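First the structure, in the form of structure tokens, and then the observations on it.
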Amino acid sequence: MAAGNVFEDIYEVVCLIPEGRVTSYGAIARYLGIKSARMVGWAMNGLTGEKNVPAHRVVNSAGILSGASAFHPENPMHKRLEAEGVTVKDNKVQNFKTVFWDPAAEL
DNA sequence: ACCGTGACGTGTC
DNA sequence: TGACACGCCACGG
């Protein structure tokens, strides 16, 4: 990823997340060399339905769908994740360690 | 230019 | 992964 804007890199990484897999803000931030994972969240803030990026596959370190409310109220993230094979309970990803996908692990 | 705020992370209890 | 505090960066008002 050799993009001037970190946002572009984030979009790329999130778009590379396989179905049935999730990743954490910290993993993306660390992989891109960002200091604060918050910046990743800010990037996501612009993705909310505007981009073709599966932001619903991005959760926090606890496996919680932090931005579930910021997504599609009628089409919750957890429903999409479950549809892809990810078990979600109360906005929390079950078997998080199993479905966790590390961008650095692929590259 | 200042301040508040936000889809977070890590350390500690 | 219960809760609390601190750090961190970007953007809008």
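Sequence lines set the chain letters: A, B, ... in the order given, protein chains first and strands last, and positions in each chain run from 1. Since we're looking at a predicted model, the values are computed, not measured.
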Taking for A:A27 and for A:M39 the nucleotide of DNA chain B with the nearest heavy atom, the one nearer the 5' end belongs to A:M39
Side-chain contact, heavy-atom cut-off 4.5 Å: A:F100 with A:K97?
-> no
Determine the contact category for A:N45: base if any of its heavy atoms lies under 4.0 Å from a base atom, sugar-phosphate if only primed atoms, P, OP1 or OP2 are that close, otherwise nothing.
-> base
Is there side-chain contact between A:L32 and A:I10, with heavy atoms separated by less than 4.5 Å?
-> yes
Are A:F96 and A:I64 grouped together when hydrophobic residues (ILVMFWY) are joined by side-chain heavy atoms under 4.5 angstrom apart?
-> no
Atom-to-atom span, NZ of A:K92 to P of B:dA7 - whole angstrom = 17 Å
Does a salt bridge link A:R21 with A:E84, judged by any charged N lying under 4.0 Å from a carboxylate O?
-> no
Do A:R57 and A:V14 touch side chain to side chain, with heavy atoms closer than 4.5 Å?
-> no
If you walk 5' to 3' along DNA chain C, what is the first nucleotide with an atom under 4.0 Å of a heavy atom in chain A, and what is the last?
-> C:dT1 to C:dA10
Sorted by chain and residue number, the salt bridge (Lys or Arg N to Asp or Glu O under 4.0 Å) partners of A:K79 (sequence neighbours excluded) come out as none
Rounded to the nearest Å, what distance is computed from the OH atom of residue A:Y25 to the C1' atom of nucleotide B:dT10?
-> 17 Å
Base, sugar-phosphate, or nothing for A:A68, non-hydrogen atoms under 4.0 angstrom?
-> nothing
Which of these nucleotides, B:dT10, B:dG9, B:dA7, is closest to any side-chain atom of A:M77?
-> B:dA7
